[in-house]
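Everything numeric in this text was worked out from a predicted model, so none of it was measured. The figures here come from the full heavy-atom set of this structure, side chains too, leaving out hydrogens, waters and symmetry mates. Note on naming: letters A, B, ... go to the chains in the order of the sequence lines (proteins, then strands), and numbering restarts at 1 for each one.
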Amino acid sequence: MKYKILSHTADLRLEVYGKTIEELFKNAAEALADIQKKGAVGRELKERIAVEAASQSALLVDFLNDILAKSQINKAVYRVDSLDFAGNKLTAKISGAKVEKFDEDVKAVTYHEADVKKDGDLFTAKLVLDI
Amino acid sequence: MNKSDLKKVSDYIWEIPKEYRGDMRVPARVFANEQLVADLFKDKSLEQLVNVATLPGIQKWALSMPDIHEGYGFPIGGVAAFDIKAGIISPGGIGYDINCGVRLIKTPVAYDEIKSKIGELATNLYYEVPSGVGKGGRLDLVNKEMDAVLAKGVDKMLKAGYATEDDKKHCESDGRLTDADPDLVSKTAKSRGRDQLGTIGAGNHFVEVQRVDTIFDKKAAESLGLYEDQITIMVHCGSRGLGHQNATDYIKTMMSAMPKYGISLPDPELACVPFSSPEGQNYWKAMNACANYAWANRQFITWEIREAWKKTFGGNAEELKLVYDVAHNLAKLEEYDGKKVVVHRKGATRSFPGQPVLIPGSMGTASYVLVGAPDSMELSFGSSCHGAGRVMSRTKAKKVVRGSVLKEELEAQGIAIRSGSMAGLAEEAPIAYKDVEAVVDVVHGAGLAQKVVRLKPVAVIKG
């Protein structure tokens, strides 16, 4: 399982999983893409993202917010092609499919409860999205 | 937390004492009756309220309105006032949708006069007012045009011919906050907002055609120009992607700056800095600019509504006049007991004595117009609730309600529905919300605002 939607009264709480930190970040981006527009495919738009943050949890939130901003500006849904980590910095190549309309208005990925953890062999992260 | 942690102050006020948690600087207070108190323990809203009570410079109480529900950082329905010298400003206490708000427009016709054309009006509104996520509007705001909207709000719309002087006079703060600096809003935020002026977006945002169903205070209703069976139109939306990005940008800035000011928090989403600090002042001026965009947005939507009205009925659409336009996600500089404070309202409106207070209910139920009451200044920093308040998650609502069935049910009640998404409709089902009657009764009973009229929907337009 790549991610699971959990209960939240007004917004959207989800838990993301990955065998590696790269996979966790990729799956989180995929969750965001699925929430925005289920089944959007295509890779006509290519973008690069560079993010730096004080912690791995903040890095994940900032990374997803950068994707979200590009998504809203270009009216596209993005998936991650590659990721390079250097401490709490990352660079990513992403590609996007243009969409006419999104399913859900994701306003932002919040830092509320954002927590990247490693349980045994599995990385997990909880996220709350403002929708 | 459970009910035993709450101390009953009156029939409508409950208090979480400062002793509940060691890091609380002030007690927390909840406006609720016995019925609504039962809902308080179903999510994390009260824990979030306690977290607010820990913030530096907070005055008197961390407050929650009767529509409180779980948010992120602050609960939704939260109010907190901070000393401008010793206190903080927190984007999470205002929300991502800066100056999300409600506008009520009155028309010169009664329901019976246009009953047969409600469907046609709903369709014209759906096409004139762009809705849904990613749906752009009529304008493309770049460079100086965008900056003028951010600096001037409704004044810019007035100059461009999309507003009247009368519209401006009926907006909170005349639809323009002067302490706004467009240069402090990022390029990314401006890019997100460039084609969104005049659009409502999705989620719980809407345009609704209503009829005045009940009058509680005839004199107050007359002074607002409202009468029984009159048709009104309500708009609910905010600063769209521009405001969302601005909050994201400044929360990030504040998280980096907090160690410098020795601030540590129980939840990073409460990220804050001293109000008087450079970062605090930059956010303040950027937030005000986003608030101006939101007022311009609701104003341009009003122009679109007038276009739809003309298309449906002909004639002069300027006969559609504003009752009021109120912000419900905003921080404002105010003075209480001779002390200047920055009041954060997240999912809460101002309720100054005599000011119209607009409380939309859930889709298909009822909305209320109230006027602010004098006690609000003492009890709630001049604040009231902003809506009915959710009790069920969107995910669960979609599981238990089918959008197409809900549409049929609402239409059977005589409510025309125009929605771009059946899933979006299901998310906003009345079952997902508190009973607006109970919420408004608390506001009225506690003396925060007095009921004037109730509005029932006859058409709902949403993304």
Side-chain angles (χ1 to χ4, degrees), chain A residues 4-14 35-38 40 49 51-55 57-77 88 96-115 126-131, chain B residues 42-45 48 69-73 75-76 92 95-97 132-136 186 188-189 191-196 201-205 238 240-241 243-245 247-249 251-252 255-256 259 267-271 347 389-396 420-421 423-424 427 432 463:
Chain A
K4 188 163 76 178
I5 306 279
L6 307 174
S7 177
H8 186 287
T9 311
D11 296 305
L12 209 145
R13 180 180 275 126
L14 54 111
I35 291 160
Q36 287 181 295
K37 188 79 186 173
K38 192 89 185 163
I49 286 180
V51 194
E52 184 174 0
S55 68
S57 302
L59 191 69
L60 177 60
V61 173
D62 293 349
F63 168 65
L64 294 173
N65 274 324
D66 275 13
I67 294 177
L68 178 65
K70 288 192 187 305
S71 185
Q72 296 258 328
I73 292 165
N74 299 326
K75 299 191 174 35
V77 170
N88 285 333
K98 292 283 268 182
V99 293
E100 273 206 9
K101 220 174 154 182
F102 297 100
D103 294 337
E104 197 71 74
D105 191 6
V106 180
K107 293 174 185 165
V109 181
T110 76
Y111 295 95
H112 181 58
E113 298 175 0
D115 196 11
K126 253 190 198 169
L127 292 165
V128 174
L129 277 51
D130 184 356
I131 55 171
Chain B
K42 289 179 182 168
D43 63 21
K44 296 181 181 173
S45 48
Q48 291 181 345
H69 55 284
E70 183 181 6
Y72 40 84
I76 297 161
Y96 283 87
D97 197 359
V133 201
K135 189 101 175 269
S186 72
T188 308
S191 297
R192 277 178 78 168
R194 76 181 264 182
D195 69 345
Q196 293 187 333
N204 61 1
H205 293 168
R240 311 285 286 108
H244 310 162
Q245 186 63 39
T248 297
D249 292 340
I251 289 172
K252 194 173 170 182
M255 282 183 66
S256 309
D267 177 353
E269 195 61 26
L270 294 168
R390 283 194 86 93
V391 281
M392 184 187 286
S393 75
R394 294 168 195 275
T395 319
K396 188 169 176 191
S421 158
E427 283 184 8

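- For chain B, no part of A:Val99 is nearby; none of its heavy atoms comes within less than 4.5 Å.
- Atom CZ of B:Arg390 is separated from atom OG of B:Ser45 by 14.0 Å, given to the nearest 0.5 angstrom.
- The only option from B:Gln48, B:Glu269, B:Lys44 that meets the side-chain hydrogen bond (donor to acceptor under 3.5 Å, both in side chains) definition with A:His112 turns out to be B:Gln48.
- Both the backbone and the side chain of B:Thr188 come within contact range of chain A, each with at least one heavy atom under 4.5 Å from a heavy atom of that chain.
- For A:Ile131, the parts lying near chain B are the backbone and the side chain together; criterion is any non-hydrogen pair under 4.5 Å.
- For A:Val106, the part lying near chain B is the backbone, with the side chain staying farther off; criterion is any non-hydrogen pair under 4.5 Å.
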Q. Under the side-chain contact (heavy atoms from CB on, under 4.5 Å) criterion, do A:Phe102 and A:Ser71 qualify, and how do the steps go?
A. CA-CA 10 Å; A:Phe102 297 100; A:Ser71 185; 3.7 Å; yes

**Message:** Could you go through B:Lys252 and A:Asn65, starting from their C-alpha distance and side-chain angles, then the distance that decides it, and tell me whether this counts as side-chain contact (heavy atoms from CB on, under 4.5 Å)?
**Reply:** CA-CA 10 Å; B:Lys252 194 173 170 182; A:Asn65 274 324; over 6 Å; no

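- Between A:Ile35 and A:Ile5 the shortest side-chain heavy-atom distance falls below 4.5 Å.
- The part of B:Thr248 that comes within reach of chain A is its side chain, from C-beta onward, which places non-hydrogen atoms under 4.5 angstrom from that chain.
- Heavy-atom distances place no part of B:Asn204 under 4.5 Å from chain A, backbone and side chain included.
- Options A:Lys70, A:Gln72, A:Glu113 differ in how many heavy-atom pairs under 4.5 Å they form with chain B, and the most are formed by A:Gln72.
- Contacts of A:Lys101 with chain B are made by both backbone and side-chain atoms, with heavy-atom separations under 4.5 Å.
- A side-chain donor-acceptor contact under 3.5 Å links A:Lys98 to the backbone of A:Asn74.
- A:Lys37 and A:Asp103 are joined by a salt bridge, as a carboxylate oxygen and a charged side-chain nitrogen come within less than 4.0 angstrom of each other.
- Proximity to chain A is absent for every atom of B:Lys396, based on heavy atoms less than 4.5 angstrom apart.
- Between the side chain of A:Thr110 and the backbone N or O of A:Val128, at least one donor-acceptor pair lies under 3.5 Å.
- In this structure, chain A has heavy atoms under 4.5 Å from both the backbone and the side chain of B:Ala202.
- Heavy atoms closer than 4.5 Å to chain B are found nowhere in A:Gln36, neither backbone nor side chain.
- Between chain A and the residues B:His69, B:Glu427, B:Arg394, the most heavy-atom pairs under 4.5 angstrom are made by B:Arg394.
- By the 4.0 Å N-to-carboxylate-O rule, A:Asp105 lies close enough to B:Arg240 to be salt-bridged with it.
- Between chain A and the residues B:His244, B:Met255, B:Lys42, the largest count of heavy-atom pairs under 4.5 Å involves B:His244.
- Across A:Leu6, A:Leu12, A:Leu60, a single residue satisfies side-chain contact (heavy atoms from CB on, under 4.5 Å) together with A:Leu127, and that is A:Leu60.
- At least one side-chain heavy atom of B:Tyr96 sits less than 4.5 Å from a side-chain heavy atom of B:Ile251.
- Residue contact with chain B, scored on non-hydrogen atoms closer than 4.5 Å, is absent for A:Ala54.
- Heavy atoms closer than 4.5 Å to chain A are found in both the backbone and the side chain of B:Glu70.
- Contact tally against chain A (heavy-atom pairs below 4.5 Å) for B:Arg192, B:His205, B:Gln245, B:Met392: the top residue is B:Arg192.
- Looking at B:Arg194, neither its backbone nor its side chain comes within 4.5 Å of chain A, counting heavy atoms on both sides.
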